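In what follows, a structure is listed as structure tokens, so that the remarks can point back to it.
Residue numbers begin at 1 in each chain, while the letters A, B, ... track the order of the sequences. This is a predicted model, so every value here is computed, not measured.
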Amino acid sequence: MNKSGKTFRPKARVPKGLRDSSAGMVRAEARMIARIREVYERYGFDPLETSAFEYADALGKFLPDEDRPNEGVFAFQDDDEQWLALRYDLTAPLARYVAENYESLPKPFRRYQTGPVWRNEKPGPGRFRQFTQFDADTVAAPGVAADAEMCMMGADCLEALGIARGQYRIRVNNRKILDGLLETIGVEAGAVHGTVLRAIDKYDRLGRRGVELLLGAGRKDESGDFTRGAGLSDEQAAKVLDYVESGVEATQTNRTDVLEGWARVVGETVVGREGIAELAEMDALFTAAGYGTDRIEFNSWIVRGLGYYTGPVFESDLLLETKDEKGNPVRFGSVGSGGRYDGLVERFRGAKVPATGFSIGVSRLQAALELLGRLDVDDVTPPVVVLTLDANRMADYQAMVSELRQAGIRAEMYLGGSGMRAQMKYADRRGSPVTVIEGEDERAQGVVTLKDLILGAEMSKEIEDNAEWREGQPAQISIPRGELVAQVKAMLARHHPHQA
RNA sequence: GCAGCCAUAGCUCAGCUGGUUAGAGCGCUAGAUUGUGGAUCUAGAGGUCCCCCGUUCGAACCGGGGUGGCUGUACCA
């Protein structure tokens, strides 16, 4: 009671941008993770788990000038006033772990890790402040064979999750080629640099005209909001578009053609040639392993995070179009991404430690699979429910439910406080296949009644009259108490033959 | 962050140019049915009409501000 005499009642609500996952979603995610894990394990990666939060400076999100963590991370202060922050990805903790244990780790170090990450950003449909990622990284591997492996493994993962070949594409580019492009048009590192790259990144969504505007004066969107452009000259913008579209017509044919197109634009620069040579090497590995352009392509407008990646970058895109519940067309963004980052561990150790990795957005991919109807149906059989009709005979019911459990059958006795009708409704709502009924009548005869709820639901479709429905006692049989387990098994086998 | 739209029961929504006790469907709980799920019928529970200030005899409705949501856009390790 507070001063006004009213009892305080907190409002029961999940925080903004967070969500609860019910049984089906939890099981679906667990199955997805199991399938991805199989692929990662097969490629020779080992599991690692790190803590959910870290010192903010270790995550690289601490602002020394302002003496507090960056926007975008959830942070709080420890007893000693040091800032801690929830991890916003699994890569920064990996860098910390590698730096901390550098001497004792095999190099290259290959690990996979999954778990929730948190970002304090504006949530939206399908965009949460907590979501699950599943990463694999190879640390201390300088050659692009490590990057090529990531791309092929990404393709394998999507197929393991039931996305058919041709319905997705791993799209690969190289930051060195983009650097070569910027050098070619004479743009120095700086604000314009980023604006140009972000414009290229939007080619997929805005098309040629949109990118042209963003490279030049700027673009106004449907809501009237104006985005400032990079202010390139017409000649510069033409070169950029040449680069972007030199890949376009060749995308579906072969990777070598794309590289030739890019070489014509950026071949004058050292860094550009280096980038192309790296991709050529990766192409040879893809081809040797049998990964054609129906799985992995070279793509002009893949840019990824600025100031982070240093070499090959890649993302996995679903090519399927679909509709949401309201019938609006849905474009899935990238469901996985990665690339080479040679600078992350350097923050801790001074020396460069080359690394590359791939991260699957499990939550987003799960949402996509759900819309596509590819999410596995929940195949866990709901429990057999033993009705508790007589409060004085609970021990009898306990004995029955224990026998069923010892036989490997999911079973529970009704633990609520309501009568028989409510108990049947409970079993129905749980999706229970069978109820076990032992009331006074059964006990007097040494029998129990088994009711097949699945069969009963079928039969009920034919019946209009409730009295008839009840008197008929459809889909139930009376069996000797001693045959409980055997008869329940037989009844389950009719509906779940693979599990009985 | 910027722009546009929106906010009434758990959900989907109705509510006339401002008028007295704010409704429907679905869902939920229970009864009809002394021991049986569905269907049907009946009853019940459930609301600070997003919040605050103002206009008015009177506001779910009008005005201002705030908060929250949706859409687009920007950012995104």
Could you tell me how far B/rU29 sits from B/rG46 if I compare only their C1' atoms? Round to whole Å. 11 Å
What interatomic distance, in whole Å, is found between C1' of B/rC41 and the corresponding atom of B/rG35? 22 Å
Whole angstroms only, please: what is the CD-C1' distance between A/E121 and B/rA77? 9 Å
Among B/rG35, B/rG68, B/rA77, the one nearest any side-chain atom of A/K16 is B/rG68
Please work out if A/G72 contacts a base, only the sugar-phosphate, or nothing of the nucleic acid, heavy-atom cut-off 4.0 Å. base
Interface with RNA chain B, restricted to residues 423-431 of chain A and to heavy atoms under 4.0 Å: A/M424, A/K425, A/D428, A/R429
Quick check: do A/M424 and A/K451 have side-chain heavy atoms less than 4.5 Å from each other? yes
In whole angstroms, the gap separating P of B/rC76 from CD of A/E315 amounts to 14 Å
What pair of heavy atoms forms the shortest contact from A/R87 to A/S51, and how long is it? NH1-O, 3.4 Å
Does A/K451 contact B/rG37 through a side-chain donor or acceptor facing the base, at a distance under 3.5 Å? yes
Applied to residues 190-202 of chain A, the salt bridge (charged side-chain N to carboxylate O under 4.0 Å, His left out) test, sequence neighbours excluded, yields none
Under 4.0 angstrom, heavy atoms only, what part of the nucleic acid is A/Y88 near: base, sugar-phosphate, or nothing? base
Between B/rG1 and B/rC75, how many Å separate the two P atoms, rounded to a whole number? 16 Å
Would you mind classifying the nucleic acid contact of A/L387 as base, sugar-phosphate or nothing, using non-hydrogen atoms under 4.0 angstrom? nothing
Salt bridge present between A/R443 and A/E440 (N-O < 4.0 angstrom): no
Does A/L453 reach a base, just sugar-phosphate, or nothing at all? Heavy atoms under 4.0 Å. base
Taking NZ, NE, NH1 and NH2 as the nitrogens, is one of them in A/E100 or A/R349 under 4.0 Å from a carboxylate oxygen of the other? no
Base, sugar-phosphate alone, or nothing: which one does A/R198 contact when heavy atoms must sit under 4.0 Å apart? sugar-phosphate
For B/rC76, does OP1 or OP2 lie under 4.0 Å from any side-chain N or O of A/R364? no
Between A/E403 and A/R481, does at least one N-O distance fall below 4.0 Å, as a salt bridge requires? yes
Between A/R110 and A/D137, is the closest basic N to carboxylate O distance under 4.0 Å? no
Base of B/rG68, side chain of A/K122 - is there a donor-acceptor contact under 3.5 Å? no
For a quick check, tell me whether the side chain of A/R127 and the base of B/rC76 share a donor-acceptor pair closer than 3.5 Å. yes
Specify the separation, in whole Å, of atom CZ of A/R228 and atom P of B/rC75. 13 Å
With rounding to the closest Å, how many angstrom separate the P atoms on B/rC6 and B/rG25? 28 Å
Would A/K352 and A/E346 count as a salt bridge (Lys or Arg N to Asp or Glu O under 4.0 Å) here? Give the steps. CA-CA 5 Å; A/K352 275 200 195 313; A/E346 186 183 4; 3.4 Å; yes
Between A/S432 and A/K202, which has a closest nucleotide on RNA chain B that is more 5'? A/S432
Answer yes or no: is there an ion pair linking A/D390 with A/R393, defined by an N-O contact shorter than 4.0 Å? no
Can you tell whether the side chains of A/R340 and A/D147 come within less than 4.0 Å, N to carboxylate O? yes
I'd like to know whether A/Y102 forms a ring pair (Phe, Tyr, Trp, His ring centres under 6.0 Å) with A/F109, so could you lay out the CA-CA distance, the side-chain angles of the two residues, the decisive distance to 0.1 Å, and finally the verdict. CA-CA 9 Å; A/Y102 195 76; A/F109 175 61; 9.9 Å; no
Expressed in whole Å, how much space separates the C1' atoms belonging to B/rU20 and B/rU36? 49 Å
Here the distance between atom P of B/rC75 and atom CG of A/L197, to the nearest Å, is 11 Å
Taking Watson-Crick and G-U wobble pairs with both distances under 3.5 Å, convert RNA chain B into its dot-bracket string, 5' to 3', dots for unpaired and | for cross-strand pairs. (((((((..((((.....[...)))).(((((.......))))).....(((((..]....))))))))))))....
Quick one: A/L214 CG to B/rU73 C1', roughly how many Å, whole number? 11 Å
May I have the distance from A/R304 (atom CZ) to B/rC75 (atom C1'), rounded to whole angstrom? 14 Å
P-based separation of B/rU48 from B/rC5 [nearest Å]: 28 Å
Just N and O in the side chain of A/R421: are any of them under 4.0 Å from OP1 or OP2 of B/rA30? no
Give one of base, sugar-phosphate or nothing for A/D390, where a contact means two heavy atoms less than 4.0 Å apart. nothing
Do A/E121 and A/R127 meet the salt-bridge criterion of a basic N to acidic O distance under 4.0 Å? yes
Euclidean distance, atom OH of residue A/Y414 to atom C1' of B/rU36 [Å, nearest integer]: 14 Å
Using the C1' atom in both, what is the distance from B/rG47 to B/rG23, to the nearest Å? 12 Å
Span that lies between the C1' atom of B/rU56 and that of B/rU17, in whole angstrom: 16 Å
For A/L389 and B/rU34, give me the distance from atom CG to atom C1', rounded to whole Å. 14 Å
Counting heavy atoms from C-beta on, name the nucleotide in B/rG35, B/rA74, B/rA77 closest to the side chain of A/M420. B/rG35
Examine the base of B/rG35 for any acceptor or donor lying under 3.5 Å from a partner atom in the side chain of A/E442, and report the outcome as yes or no. yes
